[in-house]
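Working notes for the structure below.
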Amino acid sequence: GTGSTDIGADVIFSSLLPLNFMMHSAIGYTYTTKVTDPVTDAKLNMKDQIRSGIAVLFPASGIHMGGRLQLVGEYNTVTFVGAGTNNAADAVVNPTDIVGGLRYLLLNSGLTLNAGYRRNMKIDSTLPGKKDTAGFIFSVSFTKPVQPPGRNRFPVLSLETIPEEIRVG
């Protein structure tokens with residue numbers, strides 16, 4: 001990231017599918033604020049982002065193993081939009097990730113453990129630094145435990161960081 005503050009909103013839809021699958025889909029917009037070039041001290045307008053994704057979980061209610069275990073598959077995209085400074089690379093690349101892994105929900109304590117394998121399907125090879133397009137991911141999240149009314153499912157809050165590189169110039 002750039003260290004500046006960005007503002008965004010997401011809309012998330014969830015559906016129970018046949019054969020005990022659960023699907024979550026999301027679309028959102030992020031307004032990216034101006035950043036300061038560390039070399040020239042000039043203010044630059046960065047492109048805004050449209051984020052979208054779809055996730056499929058199986059089984060929907062999880063396999064009971066002390067907690068609940070689920071298989072997770074995700075497809076996520078970021079599309080840069082609007083007026084602003086182009087990416088410093090030769091061509092702006094809209095990242096696309098595919099993730100597969102496991103989620104272990106400890107619903108009584110409110111903890112969720114996620115582990116998976118992530119692959120970036122689109123990467124700009126002209127940027128400096130590592131050219132790795134895949135790797136393992138791990139996250140821990142917490143949700144205040146509450147008793148769900150009726151057939152509702154427990155909400156899950158997840159925190160994620162995304163490393164980005166921006167070349168000066």
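The structure presented is a predicted model; accordingly, all values stated were derived computationally and were not measured.
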Got a donor-acceptor contact below 3.5 angstrom from the Gln70 side chain to the Pro59 backbone?
yes
If only side-chain N and O atoms count, and only distance matters, is there a donor-acceptor pair under 3.5 Å linking Thr77 with Thr96?
no
Distance-only side-chain donor-acceptor flag, Asp48 / Tyr29, under 3.5 Å:
yes
When clusters are formed by joining ILVMFWY residues with side-chain heavy atoms under 4.5 Å apart, either directly or through shared neighbours, do Leu102 and Leu106 land in the same one?
yes
With a 4.5 Å heavy-atom cut-off, do Thr32 and Lys47 have their side chains touching?
no
Closest non-hydrogen atoms of Ile12 and Ala26, given as atom of the first, atom of the second and distance, are CG1-CB, 3.9 Å
State whether the number of non-hydrogen atoms from other residues, nucleotides or ligands found under 6.0 Å of Phe21 atom CZ is greater than 12.
yes
Which residues satisfy the side-chain contact (heavy atoms from CB on, under 4.5 Å) test with Tyr117, sequence neighbours excluded?
Ala134, Phe136
Are the side chains of Ile98 and Met121 in touch, meaning some heavy atoms are under 4.5 Å apart?
yes
Note: Asn120 and Pro95 closest approach over all heavy atoms is ND2-CB, 4.4 Å
Within a strict 4.5 Å, meaning less than it, do heavy atoms of the Ser14 and Met23 side chains meet?
no
Regarding Ser139 and Asn114, is there a side-chain donor-to-acceptor distance under 3.5 Å anywhere?
yes
Using the rule that Ile, Leu, Val, Met, Phe, Trp and Tyr join whenever any side-chain heavy atoms are under 4.5 Å apart, tell me whether Val56 and Leu19 fall into a single cluster.
yes
Spell out, yes or no, whether Tyr104 and Phe142 are grouped together once hydrophobic residues are joined by side-chain heavy atoms under 4.5 Å, including indirect joins.
yes
Pick one: which of Leu113, Leu69, Val72 meets side chain to side chain contact (heavy atoms under 4.5 Å, CB included) with Arg103?
Val72
Once you round to the nearest 0.5 Å, how far does CG of Asn20 lie from CZ of Phe58?
6.0 Å
Membership question, hydrophobic clusters at under 4.5 Å side-chain separation (ILVMFWY): are Ile50 and Ile54 in the same one?
no
When rounded to the nearest 0.5 Å, the distance separating OG of Ser52 from CG of Asp10 is 10.0 Å
Find the distance between OG1 (Thr112) and CZ (Arg68) and round it off to the nearest 0.5 Å.
11.5 Å
Thr30 vs Ile7, side chain to side chain contact (heavy atoms under 4.5 Å, CB included): CA-CA, chis, key distance, verdict:
CA-CA 6 Å; Thr30 302; Ile7 301 167; over 6 Å; no
Of all heavy-atom pairs linking Met22 and Ala60, the shortest is CB-CB, 4.0 Å
Check whether any side-chain heavy atom of Thr79 sits under 4.5 Å from a side-chain heavy atom of Arg51, and report yes or no.
no
Between Ile63 and Leu71, is there shared hydrophobic-cluster membership here, with clusters defined by ILVMFWY side-chain heavy atoms closer than 4.5 Å?
yes
